2 protein chains.
Amino acid sequence: MATLTPTRAAAASAPKKATARRDAAATREALVQAAVDEFSRSGFAGARVDEIARVAGVNKQLVYHYFESKQGLYLVALESVYAQIREKEQALSLGALEPVDAMTQLIGFSFDYLAEHPEFIALLADENRNQGQHILASERLKRMHSPFIEMLERTLERGAAQGVFRRDMDAVHLYISIAGISYFFFSNNHTLSAIFGKSLGSKGALVQRRRHVIEFALNALRP
Amino acid sequence: MATLTPTRAAAASAPKKATARRDAAATREALVQAAVDEFSRSGFAGARVDEIARVAGVNKQLVYHYFESKQGLYLVALESVYAQIREKEQALSLGALEPVDAMTQLIGFSFDYLAEHPEFIALLADENRNQGQHILASERLKRMHSPFIEMLERTLERGAAQGVFRRDMDAVHLYISIAGISYFFFSNNHTLSAIFGKSLGSKGALVQRRRHVIEFALNALRP
DNA sequence: GTCTATACAGGGATAGAC
DNA sequence: GTCTATCCCTGTATAGAC
């Protein structure tokens, strides 16, 4: 015990030696990042805690130290990807756009976000296969309401008032439809490619799909 | 080798003793059924061969006897659910329906099939998370083209000729969109319910969704 | 064709030193 | 806060009898 003193003194006198890799926040963050990767690649059951620790460059024991269990880490990983999309949604500025232009932005955003975030899709798919048990258990996640739905609602109202959109549209169902036409293309890209015998993963297919999605959804909204 | 003769003779003289529970085909079928259940509930990695054998009411060793490995069984399970939907699709008779009515049938069918077959959705999701590795490895699966897409194409053409549908529609993209607005609702029902704070799994929500889906897709198709 | 028993590896989780 | 070592269960797969 007496041997601790020198160490303590050193720590006290030079508390933030920048070399320190004993950085709790950074370690946590590295683990969450690695977890998102591994869980999205392999699902909850297929994911390996060993692998997550290895990729994060830390000892496996720290997973249990910080997150209690594999499940605990999974929940934080899920919260993390939701937090990220919410942040991007907040940043959407539709400004003074005309309803049709605003709607085009909204549809394009939901397409682009999914295109750029396959890990989000993979985690959602896994969470749903598990009956949404984590999202239901997390008050924090349930409180993370999407600003997207309100933007959609407002745009819809403005457009209806101007006579450019139909009146009888439920915003939640519209949201699900807009998200769905993009989501299904990405989430099932492999099986769709195999069944149709052509690669839907190419850049060309992506561009073509984006155009179709926007046109399809806008058409559906016409009065 | 000589001892085979009596058995052969017996088989020839009484080939179909109905009492037999040593029925290879039935055993196989029970295993595939149980596999579809277990794999859809838990994914490939989470599924337990023990559990599949238990539910099928047979010994675990038979899984390896008939299917070589867990993967082999998974592939057959996947082929099985695809075969089922293809069969139902074949049975769709659009007869002499007007294009709009025929399209309504097609959209309704894709909605209803997904509503009634959550195991199909779950297996597809898992297969896609695994990069479609099984479907790519199976010539049989890749050859299982959907008749749905051709029905869609023909209906689209007829409608365009009559001026009730747009002309510039790609059948594959349209298929993905029609399937997507239904699929996403079911595949992500749990997370959507949690985020919107209302149960989308209820019978009422289902009926409402079905109406929306048909209306949304038909609107999108108007010229 | 079906069963029992078991080999063998892998992985979640914990103990305890530093 | 981080590391090494290890426990112990579970799950795939196989051997071999009947």
Side-chain angles (χ1 to χ4, degrees), chain A residues 1-12 14-32 34-35 38-39 41-77 130, chain B residues 3-4 6-8 10-11 14-32 34-35 38-39 41-77:
Chain A
M1 293 189 183
T3 58
L4 281 178
T5 319
T7 314
R8 286 232 180 104
K16 42 197 64 114
K17 253 314 222 321
T19 69
R21 88 276 60 152
R22 283 196 167 209
D23 180 340
T27 299
R28 261 187 78 102
E29 190 44 42
L31 278 170
V32 173
E38 173 75 358
F39 283 128
R41 194 188 329 276
S42 311
F44 179 77
R48 300 294 166 238
V49 176
D50 278 313
E51 180 65 8
I52 293 171
R54 196 187 64 73
V55 170
V58 306
N59 190 274
K60 179 171 62 153
Q61 220 290 331
L62 291 186
V63 169
Y64 297 92
H65 181 60
Y66 286 120
F67 306 99
E68 292 240 296
S69 63
K70 188 183 182 182
Q71 290 244 1
L73 178 54
Y74 184 85
L75 176 57
V76 175
N130 290 319
Chain B
T3 56
L4 282 178
T7 315
R8 285 231 182 105
K16 44 195 63 117
K17 248 325 217 320
T19 67
R21 93 276 53 153
R22 284 199 165 206
D23 179 340
T27 299
R28 261 188 77 101
E29 190 44 42
L31 278 170
V32 173
E38 173 75 357
F39 283 128
R41 195 187 327 277
S42 310
F44 177 77
R48 298 296 164 235
V49 175
D50 278 314
E51 179 65 8
I52 293 171
R54 196 187 63 73
V55 170
V58 307
N59 190 275
K60 178 173 59 156
Q61 221 290 330
L62 292 186
V63 169
Y64 296 93
H65 181 61
Y66 286 120
F67 306 98
E68 293 241 293
S69 62
K70 187 184 182 182
Q71 290 244 2
L73 177 54
Y74 184 84
L75 177 56
V76 176

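Note on naming: letters A, B, ... go to the chains in the order of the sequence lines (proteins, then strands), and numbering restarts at 1 for each one. Only a predicted model underlies this, so the values are computations on that prediction, with no experimental measurement involved.
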Undergrad: Under 4.0 Å from OP1 or OP2 of C:dG12: is there any side-chain N or O of A:Ser69 that close?
TA: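 A:Ser69 to C:dG12 OP1/OP2: no side-chain N or O under 4.0 Å.
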
Undergrad: Among D:dG1, C:dT2, C:dG12, find the nucleotide with the atom closest to the side chain of A:Tyr66.
TA: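 Between D:dG1, C:dT2, C:dG12, the one nearest the side chain of A:Tyr66 would be D:dG1.
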
Undergrad: Is the number of heavy atoms from other residues, nucleotides or ligands within 6.0 Å of CD (A:Glu68) greater than 12?
TA: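 It does not: A:Glu68 CD has 12 such atoms or fewer within range.
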
Undergrad: When you measure from the side chain of B:Glu38 to the backbone of B:Arg48, do you find a donor-acceptor pair of N or O atoms at a distance under 3.5 Å?
TA: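 Flag set: sc B:Glu38 to bb B:Arg48 pair under 3.5 Å.
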
Undergrad: How close or far is atom P of D:dT12 from atom CD of B:Gln61, stated in whole angstroms?
TA: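 That distance rounds to 14 Å.
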
Undergrad: Tell me: CG of B:Asn59 to P of D:dG16, nearest whole Å?
TA: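 That distance rounds to 17 Å.
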
Undergrad: Rounded to whole angstroms, how far apart are CG on A:Leu62 and C1' on C:dA17?
TA: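 So the two atoms are 15 Å apart, to the nearest Å.
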
Undergrad: Rounded to the nearest angstrom, tell me the gap between atom CZ in B:Phe44 and atom P in D:dG11.
TA: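 After rounding, the reported distance stands at 14 Å.
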
Undergrad: Nearest whole Å is fine: how far is D:dA13 C1' from B:Tyr64 OH?
TA: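 Going from B:Tyr64 (OH) to D:dA13 (C1'), I get 5 Å.
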
Undergrad: Within this structure, what is the NZ-to-C1' distance between A:Lys60 and C:dA15, rounded to whole angstrom?
TA: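 Atom-to-atom, A:Lys60 to C:dA15, this comes out as 13 Å.
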
Undergrad: Side-chain N or O of A:Arg48 versus OP1/OP2 of C:dG12: is the shortest distance under 4.0 Å?
TA: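 Yes, such a contact exists.
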
Undergrad: Between A:Lys70 (side chain) and A:Tyr64 (backbone), is there a donor-acceptor pair under 3.5 Å?
TA: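 Answer holds: no.
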
Undergrad: Could you state the atom-to-atom distance from CG of B:Leu31 to P of D:dT12 in whole Å?
TA: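 Value for this atom pair: 14 Å.
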
Undergrad: Base, sugar-phosphate, or nothing: which does B:Ala47 touch, judged by heavy atoms less than 4.0 Å apart?
TA: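 The residue B:Ala47 makes sugar-phosphate contact but no base contact.
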
Undergrad: Between atom CZ in A:Phe67 and atom P in C:dG12, what is the gap in whole Å?
TA: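 After rounding, the gap between these two atoms is 15 Å.
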
Undergrad: Determine the interplanar angle of the B:Phe44 and B:Phe39 rings, folded into 0 to 90°, and report it as parallel if under 30°, tilted if 30 to 60°, perpendicular if over 60°.
TA: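 Answer is parallel, since the angle falls under 30°.
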
